[in-house]
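Have a look at the structure below, then the notes.
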Amino acid sequence: MPLTLSCLVAGRPIESGGASLLVRSPWSGEVVGEVLQAGRAQANTAVVEACAFKATPTRFERHHILDRARQLLDGRKEFFARLIASEAGLCLRETQYEVGRACDVLRLAGLEALRDDGQIFSGDISQQGKSRKIFTLREPLSCAVAITPFNHPLNQVAHKIAPAIAAGTPVILKPSEKTPLTALSFASLLVEAGLPGPMLSVLLGPTSEIAEPLVQDPRVDLVSFTGSVAVGKRIASTAGYKRVVLELGGNDPLIVLDDADLDLAAHLAAEGSFRNSGQRCTAIKRILVHASVADSFTARLVEKAKAYRAGDPLDPETRVGTVIDEAAAIHLETVLKEAVAAGARVLLGGQRRGALMEPTVIAQVPRDCRMVVQESFGPLAPVITVQDLADALALANSTAYGLSAGVVTEHLGRAIEAVKGLRSGMVNINDVPGYRVENSPFGGIKDSGLGIKEGVIEAIKCFSTVKTFSLPW
Ligand code: NAP
């Protein structure tokens, strides 16, 4: 039974608006829902109501709302897992995991809501000093805009809204038009958990009527964006005088050194390349393997990769669902064909059916292929050989991106050298680039972001301002 949902303005579903948006399953093509979209006037109302809202819930109330939302989400985890699988094509194994992560985000944001991070400085610490004290406190913003991508339809949204609630900041969410049903269902759940209406609007509609006016609106204090480099850079150039947080694309390497545990390396390579249909900003997009262990590693990776059965996202046995749509799968097929024409060899997979791209292992991939120079957002595992750690670091750093990296080695000195030498926001030794917990600092540099971190704790800082005041006592 398809869902019928409406955009929310100040916590209320709109009754009339713009055109209706049909959402289809990337796997079956069936309509899974329909959304009544908003227009420019409703975007304006959302900003007005957010800015006018002054009854910020207490820390206890914010904690309570987030904790209640976590309980509601936990109670509806199968509904949300199936909804994400239906509209995004991600398999149930992934979407159940995603719901668990979103519960963690709510739990950790709820705990942070209780924590006061104010500081105290003594004024008499120098010859020029005085016997005063300086204090800091955090204040909410008037209005924040959050824009999210399709690849984690629930968790990306939770990572914006939960820290905003913890900070007491009203937020206007513009989710991806490819996955609006999850975002709207989650927003309704937050209102049900007691979130005051003006603290949350969720708007979809033409970019020129919703996203662009919101980004450029001088009443908006912050734009927090997660998505592609192209759109992120456009936002950076059009947002004007306001805070901008950008979490953009990635082209993360997994470096496998000659002292690596090759079974672990193959396991990490498969998990990092194929989980979430390869559609994670921190998915492994290049596997850089020391030439002396390349054959042995690649044979193990092919064996591991055979376990990633591709197919119907709602089948519990499926481990890789579709990518977001057929156009995305055709793009993957195209970059694969280009790599093969340049000398690469497909060892496993390589076939496309509609929006389904098979998990694919490719060896002898030339270093200048589009597949590895740009971000390829899908279940491709390209293996490239390197001569030593220095060569691996140079190659890892050679693209425009700098989100995260994984390094597989048993040697602490090389691990430290890699941590220091990689130009990226994060490095994981003996784990996938995407390893994190929901409250650890997360984010990239270069084209992957401006170095401003997210993760619940850092995001709360973004969604608030520090006020400094002093007292004579
Ligand atoms: P996208 O095309 O950039 O879209 C992201 C969001 O921006 C969508 O809500 C989109 O709305 C909106 N948008 C489009 N044009 C806009 C404009 N001119 N102004 C303001 N907003 C605009 O990204 P995507 O294809 O959904 O997501 C995949 C990308 O996200 C990948 O590059 C991935 O690496 C990146 N990502 C990064 C992180 C991170 O934390 N670094 C995490 C996840 C994903 P519509 O849907 O209406 O077009």
Side-chain angles (χ1 to χ4, degrees), residues 7 18-19 21 23 35 37-38 43 87-88 90 98 101 145-160 172-184 202-217 220 223-240 244-252 276-285 323-325 327-328 331 374-378 399-404 424-426 433-434 436 438 440-455 458-459 462:
C7 289
L21 174 68
V23 185
V35 172
Q37 298 189 101
E87 71 172 344
L90 299 168
E98 177 162 348
R101 288 186 63 192
V145 165
I147 303 178
T148 51
F150 67 79
N151 61 313
H152 286 296
L154 179 63
N155 202 39
Q156 293 294 352
V157 169
H159 262 289
K160 304 287 185 199
I172 301 170
L173 173 73
K174 211 309 279 165
S176 169
E177 68 172 18
K178 293 169 183 158
T179 53
L181 304 174
T182 307
L184 284 165
V202 183
L203 302 176
L204 289 126
T207 307
S208 60
E209 295 212 10
I210 305 291
E212 286 182 346
L214 286 173
V215 163
Q216 291 163 28
D217 194 315
V220 170
V223 175
S224 179
F225 172 81
T226 300
S228 64
V229 175
V231 175
K233 287 190 172 177
R234 183 172 166 77
I235 288 172
S237 68
T238 57
V244 177
V245 174
L246 301 174
E247 295 293 352
L248 309 180
N251 195 351
D252 292 354
N276 223 55
S277 300
Q279 297 173 126
R280 299 176 73 179
C281 51
T282 53
I284 293 171
K285 291 165 186 144
V323 292
I324 191 63
D325 53 27
H331 174 73
Q374 296 177 9
E375 178 183 38
S376 44
F377 217 50
T399 74
Y401 300 90
L403 187 53
S404 189
S424 61
M426 300 176 292
R436 64 186 291 199
E438 310 302 331
S440 58
F442 173 89
I445 57 172
K446 297 165 68 183
D447 273 5
S448 297
L450 297 174
I452 301 170
K453 295 285 189 182
E454 285 198 325
E458 295 299 313
C462 297

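Only this structure's heavy atoms are used, side chains among them; waters, hydrogens and symmetry mates stay out. For ligands, and for the atoms within them, numbers begin at 1 and follow the listed sequence.
Atom 4 (O) of ligand 1 is not flagged as protein-proximal [any protein heavy atom, distance under 4.0 Å].
In terms of protein heavy-atom proximity, atom 27 (O) of ligand 1 is closest to Pro149 CB, 3.2 Å. The protein atom (non-hydrogen) at minimum distance from atom 21 (N) of ligand 1 is Ala211 CB, 3.6 Å. Regarding atom 8 (C) of ligand 1, its nearest protein heavy-atom neighbour is Thr148 O, 3.3 Å. Counting protein heavy atoms only, atom 36 (N) of ligand 1 is closest to Cys281 CB, 3.6 Å. The closest protein non-hydrogen atom to atom 35 (C) of ligand 1 is Gly227 O, 3.2 Å. For atom 18 (N) of ligand 1, the closest non-hydrogen atom on the protein side is Glu212 OE2, 3.3 Å. Nearest protein heavy-atom contact of atom 17 (C) of ligand 1 is Thr207 CG2, 3.6 Å. Scanning the protein heavy atoms around atom 16 (C) of ligand 1, the nearest turns out to be Val231 CG1, 3.4 Å.
Gln279 places no side-chain N or O within donor-acceptor distance of the main-chain N or O of Val323, the cut-off being under 3.5 Å. Judged by distance alone, with hydrogens and angles left aside, the side-chain atoms of Glu375 form no donor-acceptor pair with the main-chain N or O of Asn251 at under 3.5 Å. Under a 3.5 Å cut-off, the side chain of Gln156 and the backbone N or O of Thr226 do not form any donor-acceptor pair. Formation of a donor-acceptor pair under 3.5 Å by the Ser448 side chain with backbone atoms of Leu248 is not found in this model. The closest donor-acceptor contact from the side chain of Lys174 to the backbone of Ile147 lies at 3.5 Å or more, if one exists at all.
Distance SG/Cys7 to CD1/Ile172: 12.0 Å, rounded to 0.5 Å. The CZ atom of Phe150 lies 5.0 Å from the CD1 atom of Ile324; values are rounded to the nearest 0.5 Å.
Close N/O approach between Glu375 and ligand 1 is found [any backbone or side-chain N/O within under 3.5 Å]. Where the criterion is an N or O separation shorter than 3.5 Å, residue side chain and backbone included, Arg280 fails it with respect to ligand 1.
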Begin from the C-alpha positions of His159 and Glu247 and carry the test side-chain contact (heavy atoms from CB on, under 4.5 Å) through to its verdict.
CA-CA 12 Å; His159 262 289; Glu247 295 293 352; over 6 Å; no
Candidate pair His152 and Arg280, rule side-chain contact (heavy atoms from CB on, under 4.5 Å), full reasoning
CA-CA 8 Å; His152 286 296; Arg280 299 176 73 179; 3.8 Å; yes
side-chain contact (heavy atoms from CB on, under 4.5 Å), that's the test. Do Asp252 and Tyr401 meet it? Break it down for me.
CA-CA 8 Å; Asp252 292 354; Tyr401 300 90; 5.9 Å; no
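Ser224 and Glu454 share a side-chain donor-acceptor pair at under 3.5 Å. Using a 3.5 Å distance cut-off with no hydrogens or angles, the side chains of Thr182 and Glu87 do pair a donor with an acceptor.
Of all the atoms in ligand 1, the ones that sit under 4.0 Å from a non-hydrogen atom of Asn151 are 43 (C), 44 (C). If you number the atoms of ligand 1 from 1 as listed, the ones under 4.0 Å from a heavy atom of Arg234 come out as 18 (N). Remark: ligand 1 atoms within the under-4.0 Å shell around heavy atoms of Gly249 are 32 (O), 34 (O). Of all atoms in ligand 1, numbered sequentially from 1 with element shown, those under 4.0 Å from a heavy atom of Pro175 are 9 (O). For ligand 1 and Phe150, the ligand atoms under 4.0 Å from any heavy atom of the residue are 24 (P), 25 (O), 26 (O), 27 (O), 28 (C). For ligand 1, the atoms closer than 4.0 angstrom to any heavy atom of Phe377 are 28 (C), 31 (C), 33 (C), 34 (O). Contact atoms of ligand 1 toward Phe442: 40 (O) (distance under 4.0 Å to a heavy atom of the residue). Taking a cut-off of under 4.0 Å to the non-hydrogen atoms of Ile147, the atoms of ligand 1 that pass are 6 (C), 7 (O), 9 (O), 12 (C), 20 (C), 21 (N).
For the residues Ala239, Gly449, Ser228, the heavy atom positioned nearest atom 1 (P) of ligand 1 is part of Ser228. When the heavy atoms of Glu177, Gln156, Lys174 are ranked by distance to atom 10 (C) of ligand 1, first place goes to Lys174.
Other residues, nucleotides and ligands contribute more than 12 heavy atoms inside 6.0 Å of the CZ atom of Arg436.
The backbone of Leu248, and not its side chain, has at least one atom closer than 4.0 Å to an atom of ligand 1 (non-hydrogen atoms only; backbone = N, CA, C, O).
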